[in-house]
Amino acid sequence: KHMVDSLKLLPFLEGGNNMVDVGTGAGLPGIPLAIVRPEIKVVLVESMRKRVDYLEKVVTALELKNVEIVWARAEEIGQNLQYREKFAFATARAVAALPVLAEYLLPLVRTSGKMLAMKSLKAETELGLAQTALAILGGGQVSQKDYILAGGENRRIIVIEKVKPTPKKYPRKVGLPASKPLGC
């Protein structure tokens, strides 16, 4: 189920050569996408050292040459010039509500790239709350794709195009995006 869910992002990965998966956990969706699309560089970002150790073992065992693992918080990597506004695509699965997720992901996306948020159908409310954050952070046109996983679970991918650079002060310090979401 989780592999199939991860691979639902494939149609959205056209026109770019790299992506970042923030809060990757066990490597979802990043590792399945790296396997299927070896020409795309995939950066997995995880804040828990134990999970990073696990991911390193998995990537080594699978001989995934197109995967880099970064031990960092989303707020930290978003301010790191090595990664800031460098990615064609940024995604996350089950990480945060959309206003917070936008502050984690959009600073990593280059202008004309896309933020790909994996959500449930309940995300419509989150999308309404995220409008201010999207405007501040450089987000533009929003589109959505709904699908059903085996077992009847309804899911949604929210695609947000990045139309302008993210102001340098975002993402804010660790903890602030979650405790004080933009526009909420």
Is there side-chain contact between Val109 and Lys86, with heavy atoms separated by less than 4.5 Å?
no
Tyr147 and Glu153: side chain donor to acceptor below 3.5 Å
no
A side-chain contact here means heavy atoms from C-beta on lying under 4.5 Å apart; do Arg156 and Ser120 qualify?
no
What's the spacing between Glu85 CD and Lys168 NZ if we round to 0.5 Å?
8.5 Å
Can you check side-chain contact (heavy atoms from CB on, under 4.5 Å) on Arg84 and Thr166, steps first, answer last?
CA-CA 9 Å; Arg84 185 178 177 84; Thr166 300; 3.8 Å; yes
Keeping the roles fixed (side chain from Thr91, backbone from Leu116), state whether a donor-acceptor pair exists under 3.5 Å.
yes
I'd like to know if the side chain of Glu161 and the backbone of Gly113 have a donor-acceptor N/O pair within less than 3.5 Å.
no
Interatomic distance, Ile148 atom CD1 to Asn154 atom CG [nearest 0.5 angstrom]
5.0 Å
Inter-residue atom distance Ser112.OG - Lys162.NZ, 0.5 Å rounding
10.0 Å
Under a 4.5 Å cut-off applied to non-hydrogen side-chain atoms, are Leu13 and Arg37 in contact?
yes
Just wondering, do Lys8 and Ile157 contact through their side chains at under 4.5 Å, heavy atoms?
yes
Closest non-hydrogen atoms of Met118 and Asp5, given as atom of the first, atom of the second and distance, are CE-O, 3.2 Å
Looking at Arg172 and Glu103, does any basic side-chain N land under 4.0 Å from a carboxylate oxygen?
yes
Find out if a path of hydrophobic residues (ILVMFWY) with successive side-chain heavy-atom gaps under 4.5 Å connects Leu7 to Phe12.
yes
Thinking salt bridges, do Lys41 and Glu68 make one under a 4.0 Å N-O criterion?
yes
Could you pull out every donor-acceptor pair under 3.5 Å between side chains of residues 126-135 and any protein atom, sequence neighbours left out?
| from | atom 1 | to | atom 2 | distance (Å) |
| --- | --- | --- | --- | --- |
| Glu126 | OE1 | Leu98 | N | 2.8 |
| Glu126 | OE1 | Lys119 | NZ | 2.9 |
| Gln131 | NE2 | Leu127 | O | 2.9 |

Any side-chain heavy-atom pair of Ile158 and Val142 under 4.5 Å
yes
Which of these passes salt bridge (charged side-chain N to carboxylate O under 4.0 Å, His left out) with Asp53: Lys50, Arg49, Arg51, Lys57?
Arg49
